[in-house]
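Reading through the structure tokens given below for one structure.
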Amino acid sequence: MKKYILKKIGTAFLVSFLFTFMLLIFGPAEIFFANVTEFEFVYGEFAGYMAAFAVIGAVILTVLISFLPDMLYRILASLIFGISVAGYLQVMFLNKNLDLLGVNPEGYKTGFAQSAVNLIIWLIVITCVLAAAFWKKDLWKKAVAALSAFLLCIQATALVSLIVTAKEDAYLYPEGGYHLSGEDQFTVSADQNVIVLILDYFSNQYLEPLESAYPGATDFLHDFTYYSNMDCTYFGTFPSLPHMLTGNEVDMSCTINEWCQQIWNSRKTESFYNMLRDRNYKANVYTPDANILCGLNDPELLSGRLSNVVNSAQDIDIFYKLLFKTLTKMSGYRMFPDLIKPYFYANIDEYADIVSVKENKIHHNNHEFYETLLEKGLTADKSSNYYIVQHLMGPHLYTTDEAGHYKEDSTLEETAKGCMVIVEEYLNQLKALGVYEDATIIITADHGGPYDSQVIFYMKEPGETHEVSPVTDAPVSFLEFLPTIAEAAGGDQSEFGQSVHDFAAGEQRERTVWLRMYDGAYPTVPCYTGDKNGESNVYYGYSYTGGIEALLKQTETGPTKVVPVVDSYF
């Protein structure tokens, strides 16, 4: 009897520990090591704690299971084991192009057919284990224990391999180094300003639902000319933002890190930022992740160009409760069936909030920027002119309410309205400082959706006033962004290309939007970080003449160009 009880406890522990090991130890580790460049914390911040939680959880489950009547014991042990096996199959074979980093503003979405097939596979696995528990009890006892031990061993081996082969930055915080500082994020010039507010993922197709839900939501922009036919050239914050800041088109024949080196050292970039300095402009760019601008190159690459690049140590706080919660969610999202993945989806801002810089933090999340703006207010600097690029979360994530504050389960319309409230407050503070009238101000997005890749683009020039915002359908794109900034700063715009003013309403012009995609006809390429396969391997180019309708029609028809890449940002 004693031997039977010990075997029962042993099997219960193996089954329980397999589940907690996968969810709390191996899953978080695999996510972390595969995306280490995306996280600002190191492995030691969570590994020991998560392991302790896994062991404690396994012990609790073991005690609960072991002393149940035999039938209930077999049912519960079978359910836990079946879930673990199905979860292993999910991770190894069933997850397709899974967005682990939470960059999709609408969360996890999949078709009914895929979810149904996925659920059937899960039910088959769990049903088989339950059936064996009743009709093949002896086989069930041996198989469950042996397979649990086997799955633990192979995943533990993989974990050791991940730990041993990981780069140094997975374990050690940098002692110092170059980074973007937010010290002057709420400072503008008392004289001349060129200000760009970038609301991430704000397609121009979002204006209609915004105005439908909140009539008059953009009326405060009456001094701005609205360019209703602006395309972003590239989908994704990378490569759109570095393209906007340097005016260099993507070189798809070289690696991301090589391209970043090229663009920040290019003659065009050097000439542009020298022009700004010659006109006494500081160039401050506020985006939370320098990797978006320079890849894995040291952010020192940006110095001499951007004024808010500093070389100093950063003092940080770790929010451990959020760290454990987010990693557990991400692990469950990776492990569980398609049907319940939406409940475990962790938005990019969740893990971004795990680490907080104590001083000179760049505020990227809408609500944080807004609340700091209300608390600190804008201040004016008399010593120089300012070229400011504020990159905010925008409607990339639906986490902003209609008043500009945080809301976990917001909607597109609420988030878009909240963004407009934030922009209006920023403009009101510029007016209060007396610098609004002489400023050039652009309100835009770095990109729209994958297919509705046209973006909002409002522009106010010095002295421009209107009762109602003028609208132009001039066929413009971010190829004209840098020349437009150069023109606004008083430089020779022709040195950098055509500005948005060089295109007329109703003009016919062919433009191309590039989307990063995965195409099975081309080889898989590595991620630019070098530690995993990339999620894309080509750029699809969609060439069109006309407006958004022509672009949407072309995306339905298919790409006009397909260009393979060397590596992938994600």
Side-chain angles (χ1 to χ4, degrees), residues 38 101 103-105 180 196-206 227 229-252 256-257 259-260 262-264 266 268-269 272 283 285-295 302 305-306 348 364 388-397 419 442-459 476-485 496-497 500 511-517 528 534-536 538-544 548 551 555 561 563 565 567-570:
E38 302 295 332
L101 296 178
V103 299
N104 181 2
L180 295 171
V196 182
L197 301 179
I198 296 178
L199 304 173
D200 206 310
Y201 217 117
F202 209 127
S203 165
N204 61 16
Q205 298 305 286
Y206 292 174
Y227 290 78
N229 193 10
M230 166 67 79
D231 83 37
C232 61
T233 309
Y234 300 101
F235 171 73
T237 300
F238 182 92
S240 183
L241 193 55
H243 168 241
M244 294 169 70
L245 293 174
T246 68
N248 286 263
E249 296 182 54
V250 174
D251 183 348
M252 300 172 192
I256 285 170
N257 294 321
W259 180 67
C260 290
Q262 287 178 14
I263 64 174
W264 288 103
S266 73
K268 178 186 283 187
T269 303
F272 174 79
V285 174
Y286 300 106
T287 188
D289 187 356
N291 287 0
I292 292 171
L293 305 183
C294 60
L302 310 174
R305 310 285 188 253
L306 306 185
I348 191 172
H364 174 64
I388 300 169
V389 177
Q390 301 274 7
H391 175 210
L392 302 181
M393 184 65 76
H396 195 134
L397 298 176
C419 288
I442 294 172
I443 297 146
T444 187
D446 49 349
H447 61 92
Y451 299 107
D452 53 331
S453 291
Q454 289 200 342
V455 297
I456 61 167
F457 194 87
Y458 291 90
M459 182 172 179
V476 290
S477 75
F478 281 164
L479 293 174
E480 292 80 61
F481 182 82
L482 196 78
T484 300
I485 299 301
F496 306 103
V500 295
R511 291 167 291 171
T512 301
V513 173
W514 295 93
L515 307 185
R516 56 175 187 257
M517 304 290 286
Y528 84 106
E535 294 180 8
S536 59
V538 297
Y539 272 104
Y540 280 0
Y542 296 89
S543 298
Y544 68 104
I548 185 65
L551 173 57
T555 56
K561 306 169 188 174
V563 180
V565 296
D567 58 4
S568 168
Y569 189 77
F570 288 107

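Side chains of Leu392 and Leu197 form no contact here, defined as non-hydrogen atoms less than 4.5 Å apart. Contact check for Thr237 versus Asp289: no side-chain heavy atoms found under the 4.5 Å cut-off. Leu245 has its side chain within reach of Trp264: a pair of non-hydrogen atoms, C-beta onward, lies under 4.5 Å apart. Annotation: side chain of Tyr206 is in contact with side chain of Asp452 (closest heavy-atom distance under 4.5 Å). With contacts defined as side-chain heavy-atom distances shorter than 4.5 Å, the pair Thr233/Asp231 qualifies. Side-chain contact check for Ile442 versus Ile485: some heavy-atom pair is nearer than 4.5 Å. Annotation: side chain of Val476 is not in contact with side chain of Phe457 (no heavy-atom distance under 4.5 Å). Put simply, the side chain of Lys268 reaches to within 4.5 Å of the side chain of Leu482, judged on heavy atoms.
Contact between Asp200 and Met393 at its shortest, heavy atoms only, is CB-O, 3.1 Å. Annotation for Phe235 and Gly448: closest pair CE1-O, 3.2 Å, computed over non-hydrogen atoms. Minimum heavy-atom separation, Ala445 to Leu199: CB-O, 3.0 Å. The minimum heavy-atom distance linking Leu302 with Cys294 is given by the pair CD2-CB, 4.2 Å. When all heavy atoms of Thr269 and Ile263 are compared, the pair lying nearest together is OG1-O, 2.5 Å. Annotation for Asp567 and Val565: closest pair O-CG2, 3.4 Å, computed over non-hydrogen atoms.
Note: His447 and His396 have perpendicular aromatic rings, judged against thresholds of 30 and 60 degrees for the angle between ring planes.
Taking CG of Leu397 as the start and OH of Tyr201 as the end, the distance is 10.0 Å to the nearest 0.5 Å. To the nearest 0.5 Å, the span separating CE on Met230 from OG1 on Thr444 amounts to 6.0 Å. Going from atom OH of Tyr234 over to atom CD of Glu249 covers 4.5 Å, rounded to the nearest 0.5 Å. Put simply, OG1 on Thr287 and CD1 on Ile292 are 4.0 Å apart, with the number rounded to the nearest 0.5 Å. In this structure, CG in Asp446 is found 8.0 Å from SG in Cys232, a value given to the nearest 0.5 Å. The CZ atom of Phe496 sits 12.0 Å away from the OG1 atom of Thr484 when rounded to the nearest 0.5 Å.
Without hydrogens or angle criteria, Arg511 side chain to Ser477 main chain gives no donor-acceptor distance under 3.5 Å. Between the side chain of Trp259 and the backbone N or O of Gly295 there is no donor-acceptor pair closer than 3.5 Å. A donor-acceptor contact shorter than 3.5 Å links the side chain of Ser453 to the backbone of Pro450. Panel note: side chain Arg516, backbone Pro239; no donor-acceptor pair is recorded below 3.5 Å.
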Could you go through the side-chain contact (heavy atoms from CB on, under 4.5 Å) check for Leu551 and Gln454 one step at a time? CA-CA 9 Å; Leu551 173 57; Gln454 289 200 342; 4.1 Å; yes
| task | Would you check, one step at a time, whether the test side-chain contact (heavy atoms from CB on, under 4.5 Å) holds for Ser240 with Phe481? | result | CA-CA 11 Å; Ser240 183; Phe481 182 82; over 6 Å; no
| task | Could you walk me through whether Thr246 and Phe272 pass side-chain contact (heavy atoms from CB on, under 4.5 Å), step by step? | result | CA-CA 8 Å; Thr246 68; Phe272 174 79; over 6 Å; no
TODO: Carefully, step by step, assess Phe202 and Val455 under the rule side-chain contact (heavy atoms from CB on, under 4.5 Å).
DONE: CA-CA 6 Å; Phe202 209 127; Val455 297; over 6 Å; no
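Ring centroid separation for the pair His391 and Tyr286 does not come in under the 6.0 Å cut-off.
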